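Worksheet: the structure to be examined is printed underneath.
All of these numbers come straight from a predicted model, not from anything done at the bench.
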Amino acid sequence: MKDEINQQKLTKGEKRRDFIKKSALAFGAFHIIPSHVLFSKPEIRNKAGEIVQMASKVPSDRVNLACIGIGNRGEQVINDFDRTGLSNVVALCDVDMGAPHTARIMEKHSKAVRFKDFRELLDQKEVDFDAVVICTPDFSHFPITMHAMASGKPVYVEKPMARTFQEVELMMKAAKKYGVITQMGNQGHSEANSFQFKAWVDAGIIKDVEAITCHMNSRRRWHGWDTSMTSYPKAEPIPETLDWDLWLTTAEHHDYNKDFANGQWRCWYEFGMGALGDWGAHIMDSFHRYLDLGLPEEINAVKLDGHNPLFYPQATTLDFKFPKRGKMPEVNVTWYDGLENLPPLPEGYGSSELSSDIPAAGTGQIEQRTLNPGKIIYGKDLTFKGGSHGSTLSIIPEEAANDMKSSLPEVPESSSNHFANFLLACKGEEKTRSPFEVSGPLSQIFSLGVLAQQMNTNLKFDRKKKVITNNKVANELLNGTPPRKGWEEYYKL
């Protein structure tokens, strides 16, 4: 009997590997165009040949979504898609479909077909869906996104894109290979923050930036943990409704413990990306893009209070050094996290506001602090103060802001929020604002910063070759630890 069960598992695994290989071959040779694309509206061009409206890839008014990871943050994201009025949820997938945190979405979308294994969802042919929404823990973004793209599906994945540098690299290459629409979930990139930053750069208001300070000093889940810890938490009984082996996906085996699940995964280097990966995408996104920063050439671990190789420090200061880019000078970006690890503030900084569009965390609304999450941008002539997510910049001190009022350019309004933008892109009416070619290098910065944290060291990085030049072990860890047996195919593009 055991031999029969093992043979069945082997057969399923072979089928999945065969599917991935066939998908890669098919998309590598030519694009297979589904019938609903063939009969959709063509792209519209003006007299100059410029695309005014892209070709629609969804024949109906609503985009049918398959949602993977449906509790906690996943529930919030699904509800945000619902509020656009542009989508239907036709499939729900989660490794714990019987947990309290997945119950509300299943009740709300009771007609949606349910799956526990994302591979079965993406391989089946019975449920027709147009795009995939992925809100699982950081470390499992990679295999699910790769499988979805190999299936030819547009993908919306929460930030950061993946856990390791190489995983992000493969995701960017896969997006190009399969020609799919992609969007990373840093929703502020579709709000006023992004539009203002670009307008001010284009108008020469933001120029000659040489230093940027980023700060996130709210309490994190691992604050107060025993920093002398030398082993992972002991095994606890696995909840009856949870498929723990499937939760682990590519990660090496760990016995279940409540401090790995339901958001606690953020605490561990093996599963999450700490404060930097969690908040960097909401604080660093606009200046990274519109100052054309690319990848850093140095990452220095300036301060790591309570360093532990298993979980994140109690407080971190990191320096990222970026070289000259054309006429733009070198830039030093400094990251501060930790309750009392506050950056120096410039004269005339004023008060610190909390962005109103920050979604509630799994542990509740983000706490109000003296210095709320944000950034300070130091140009040659002007200094700018900004918050997180969609919040806009202001010029400081107030006297300088008053002097600049008459010369500030008009900032265009966003035509859609981040969720609607993705859906409209699936319909051929917009382009996504945070596709993988934009969000990938940003996510790779977080991977490099996390390596400096974990190894408690300074790193030198070759931007062209994409290798760490001063630390052989760190360079090997750009790829992360090898995936578990049975998950290797996702790393072969």
Side-chain angles (χ1 to χ4, degrees), residues 186 188-189 191-218 275-276 279-293 302-303 316-322 325 327-358 366-414 442:
N186 52 337
H189 212 65
E191 302 297 340
N193 159 50
S194 183
F195 289 87
Q196 180 207 37
F197 204 103
K198 183 180 186 304
W200 283 17
V201 168
D202 290 346
I205 306 298
I206 299 175
K207 63 179 181 179
D208 299 327
V209 174
E210 297 179 345
I212 301 173
T213 294
C214 301
H215 48 88
M216 197 289 164
N217 304 103
S218 297
L276 177 62
W279 281 83
H282 296 307
I283 295 173
M284 300 169 67
D285 58 332
S286 289
F287 71 70
H288 176 264
R289 180 174 187 175
Y290 298 119
L291 295 181
D292 193 26
L293 291 184
V302 178
K303 177 179 181 178
T316 294
T317 305
L318 295 173
D319 270 351
F320 297 90
K321 297 187 182 299
F322 297 87
R325 290 102 44 234
K327 295 181 179 180
M328 291 186 280
E330 296 178 0
V331 181
N332 189 79
V333 177
T334 306
W335 170 268
Y336 293 83
D337 70 48
L339 289 172
E340 305 303 328
N341 187 30
L342 304 179
L345 300 179
E347 186 177 349
Y349 178 85
S351 61
S352 174
E353 296 80 26
L354 188 64
S355 301
S356 60
D357 63 344
I358 296 176
I366 187 73
E367 63 178 329
Q368 185 89 19
R369 294 185 60 80
T370 303
L371 187 64
N372 291 299
K375 51 189 167 277
I376 306 163
I377 299 170
Y378 297 90
K380 185 178 180 181
D381 302 315
L382 293 172
T383 301
F384 306 87
K385 176 181 71 172
S388 180
H389 291 66
S391 61
T392 55
L393 296 174
S394 58
I395 298 170
I396 54 175
E398 189 175 351
E399 296 77 16
N402 291 334
D403 291 341
M404 293 296 299
K405 272 185 181 179
S406 61
S407 58
L408 295 178
E410 184 176 347
V411 177
E413 291 187 8
S414 178
L442 178 63

Can you check whether [X] reaches [Y] side chain to side chain, under 4.5 Å on heavy atoms?
X: Arg289; Y: Leu442; result: no
X: Asn193; Y: Ser391; result: no
X: Leu371; Y: Tyr349; result: yes
X: Leu291; Y: Ile212; result: yes
X: Ile376; Y: Pro346; result: yes
X: Lys207; Y: Asp381; result: yes
X: Phe287; Y: Ile206; result: no
X: Pro344; Y: Tyr336; result: yes

Distance (rounded to the nearest 0.5 Å) between [X] [atom1] and [Y] [atom2]:
X: Leu345; Y: Ile396; atom1: CG; atom2: CD1; answer: 8.0 Å
X: Leu382; Y: Met404; atom1: CG; atom2: CE; answer: 5.0 Å
X: Asn217; Y: Leu342; atom1: CG; atom2: CG; answer: 5.0 Å
X: Tyr378; Y: Thr213; atom1: OH; atom2: OG1; answer: 4.5 Å
X: Gln196; Y: Ser414; atom1: CD; atom2: OG; answer: 13.5 Å
X: Phe320; Y: Met284; atom1: CZ; atom2: CE; answer: 5.5 Å

Using modelled atom types and a 3.5 Å cut-off, is there a donor and acceptor pairing between side-chain atoms of Asp337 and backbone atoms of Met216?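 Here the side-chain-to-backbone pair does not exist.
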
Side chain of His215, backbone of Trp335: donor and acceptor closer than 3.5 Å?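 Judged by distance alone, no pair lies under 3.5 Å.
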
Any idea which heavy atoms bring [X] and [Y] closest together, and the distance?
X: Glu410; Y: Ala199; value: O-CB, 4.4 Å
X: Pro397; Y: Glu347; value: CB-O, 4.3 Å
X: Lys375; Y: Gly387; value: NZ-O, 2.9 Å
X: Glu191; Y: Gly390; value: CB-CA, 3.7 Å
X: Pro409; Y: Ala203; value: CG-CB, 3.7 Å
X: Val331; Y: Ala211; value: CG1-N, 4.4 Å

Checking side-chain contact (heavy atoms from CB on, under 4.5 Å) between Leu318 and each of Val302, Thr334, Leu276, which is the one that passes?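 So the option named by the test is Leu276.
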
Determine whether the aromatic ring centres of residues His389 and Trp279 are separated by less than 6.0 angstrom.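 When the ring centroids of Trp279 and His389 are compared, they turn out to be within the sub-6.0 Å range.
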
Would you kindly say whether Ser194 and Asp285 are connected by a side-chain donor-acceptor distance under 3.5 Å?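 There is no such pair between these side chains.
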
Test log, rule side-chain contact (heavy atoms from CB on, under 4.5 Å), inputs Phe384 and Val209: CA-CA 10 Å; Phe384 306 87; Val209 174; 5.6 Å; no

Between Ile395 and Trp200, is a side-chain contact (heavy atoms from CB on, under 4.5 Å) present by the stated rule, with each step listed? CA-CA 11 Å; Ile395 298 170; Trp200 283 17; 4.0 Å; yes

Between Phe197 and Ile377, is the side-chain contact (heavy atoms from CB on, under 4.5 Å) condition met? List the steps. CA-CA 11 Å; Phe197 204 103; Ile377 299 170; 3.5 Å; yes

